[in-house]
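Worksheet: the structure to be examined is printed underneath.
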Amino acid sequence: MFRFLIRRAIGALVILLIISAITFVLFYVAPRDPARVACGKVCTPETLALVKRNLGISDPLPVQYWHWLQAVFVGRDYSSFGHCPAPCLGYSFHNREPVLGTILDRLPTTLSLSVGSAVVFVVFGVGTGMLAAVKQGKALDKVASSASLIFSSMQIYIVGVIAMYYLADQWHILSRPKDVPFAESPSAWFSGLLLPWLVLALIFTANYTRMTRSQLVESLNEDYVRTARAKGLSRRTVFFRFAWRGAMGPIVTIFGLDIGLLLGGAIITEKTFGLHGIGALSVKAVYDNDLPLILGVVLIAAAAIVVFNIIVDAVYALIDPRVRLA
Amino acid sequence: MSTPFLSVRDLRVHFSTEDGMVKAVDGLSFDVEKGKTLGIVGESGSGKSVTNLTILGLHHPDHTEIEGEILLDGQDLLAASERELERLRGNKMAMIFQDALASLSPYHTIGKQIGETYRKHTGASKREARARAVEMLTKVGIPQPDLRVDDYPHQFSGGMRQRAMIAMALVCDPELLIADEPTTALDVTVQAQIMDLLKDLQQETGTSIIFITHDLGVIADIADDVLVMYGGRCVERGTKKEVLRKPQHPYTWGLLGSMPSLEGPVDVPLSPIPGSPPSLLNPPTGCRFHPRCTFTEQVGGKRCATDQPPLELTAGRGAACHLTTEQRAEFFADFAGTRPN
């Protein structure tokens, strides 16, 4: 297990390097010049060159990338900002703020949003899926299956707006989405995020219901489940200890990928509810031609996915002893 | 004759499917004596497995209609509650399945799977259950049982998995053991070892065994009595000797004829039974074997296609066929003439 983690961590590092390099290249392929924007209306070639040097984009591309890597691993001294200790993601072109600080500032919102909705969709999605699988072919199964089909084809920006209008503004059941730090007031944090959680979870819940149901229907038909029944074990024991164990693997895999994606920023959800997480930040970075910030958010999003992939593989080996970590 | 340990009377198991009613078992009766082995022979889809899953109550209750009576040691299993059945399963009656790899849970160690049954029925502690699992693995001949008890099924060989399965089934000393083609997936040497193991264990514990197979060689090895099934019905019953030496039913002749023999000339061709097993959705009228039977003309008229031949038993021996006793003797003599044994 230890060797597996070491090996995968090195692999993850390589992937992140490649991703950052690609982002770098793509940024310069795009026909826009951040220096030209920063330079203002009256821009002489001299000022443009100065701005470029100040932004650190006057050097050739490989040198720039090398500087960026250096900053990440050993820190970097800036003429205008002084020393930036590792891991340094540089300073925003747009507002001259340190990128790492900005990201860390936004991270709690994204964490709250994704973890909170993950709790909701796992509990309800897997729970409903289990019920549907147990009551296979009965009314409950049919209702759950058709409801999940309807919900999974909905879009957040429609459901979210409708939910805000009715649940918050008209009926006052839930409060309008608000981004209050947990440390400030746990209750305000909870009520401010409840609506986004529910809306974001709705679509996921539907998917997890369908996935759980189909995995369980399959594993309930396995021979070893029949053997467990033939041993005299109760239906409950057989269901949880045998059938659910067999159904879990794919669900854990998809969950790992989903949570990795969500931690990289739920762009549409954040925009719909006016939350300022990583998702909203990445949109802003792209609009502003803000290379250091773009690199920062891309790196965070990629790291989340890569890390959760490793976790999924490790968990899979724990669930299924036939899986060898190699 | 004493009261049999297991008695099945006029069992009918029908499944409702989208295409209609499948009559998987259609009026089946048999007994199993204490400490004896009943071999049930038949092709795939003849209803052998369904019969035995029904005895354990492992059929799907929603889509299954069951009629008849199954008495285990005087207790009516079809009337028993799920809770009562749970107490009996794995305890008084146990089952061994064909594909041990698929039938053992890949997620739990062998020891845990054996011990689990023991704990459920005896309330033993984890430590006691583990000790019992090691004891059972020793009994079924697994080398280094105290180490292998912590292995997972995929770390066992095919033969060892089947041994582990037997250990699991016998952990509570069941009085009835149902073995559903336990040796079919194994190679011949291992098959012989497993058969010997079952015979030894039976002698030791006095368990009654129902042995399901399509292999008459296996039947010859292990069974006391034989029941031949075709299309959800019993076509012939008797002791092993009676059924294998003096079979009365054309289907049994066909089964014997399609089996190679080690005695006699090697160039005697095998004669497969023509046609294919009947659909249980729309079973043939009359005798279910008549579309594949070569003796319908000898019976005369259309009797085979219209009348279901009754299974008339004298002292547990009989066959369901319209041929007269004399005809059967004559035709079997012809048939046996082409075969050395």
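In what follows, chains are A, B, ... by sequence order, proteins preceding strands, each numbered from 1. In this text the structure is predicted, and so the values were computed from the model without any measurement.
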Gap separating the CG atom of A:Leu233 from the CD atom of B:Gln113, nearest 0.5 angstrom: 10.0 Å
Closest heavy-atom pair and its distance - B:His108, A:Arg245: NE2-NH1, 3.9 Å
Pairs of heavy atoms under 4.5 Å with chain A: top-ranked of B:Glu116, B:Met95, B:Arg83, B:Met93: B:Glu116
Most chain A-contacting option - heavy-atom pairs closer than 4.5 Å, from B:Met165, B:His154, B:Met168: B:His154
Shortest non-hydrogen separation from A:Pro321 to B:Pro106 and the atoms involved: CG-O, 3.1 Å
Test item: A:Tyr224 and B:Ser103 side chains (from C-beta on) under 4.5 Å apart, heavy atoms: no
Crowding at NZ, B:Lys139 (>12 non-hydrogen neighbours, <6.0 Å): yes
Region of B:Leu56 that comes under 4.5 Å of a non-hydrogen atom in chain A: side chain
Heavy atoms of other groups near A:Ile268 CD1, more than 12 under 6.0 Å: no
pair B:Phe97-A:Asp223: side-chain heavy atoms closer than 4.5 Å: no
Partner chain A: residue of B:Leu58, B:Leu85, B:Thr109 with the largest heavy-atom pair count (under 4.5 Å): B:Leu58
Axial cation check for B:Tyr107 ring with A:Arg241, 6.0 Å and 45° limits: no
More than 12 heavy atoms of other groups within 6.0 Å of B:Lys34 NZ: yes
Heavy atoms of other groups near B:Tyr152 OH, more than 12 under 6.0 Å: yes
Where B:Lys120 and A:Gly232 come nearest, the two heavy atoms and their spacing: CE-O, 2.8 Å
Inter-residue atom distance A:Ser234.OG - B:Arg89.CZ, 0.5 Å rounding: 10.5 Å
Choice from A:Glu222, A:Arg235, A:Gln136, A:Arg229 maximising heavy atom contacts with chain B below 4.5 Å: A:Arg229
Interatomic spacing from OG in B:Ser105 to NZ in A:Lys231 - rounded to 0.5 Å: 8.0 Å
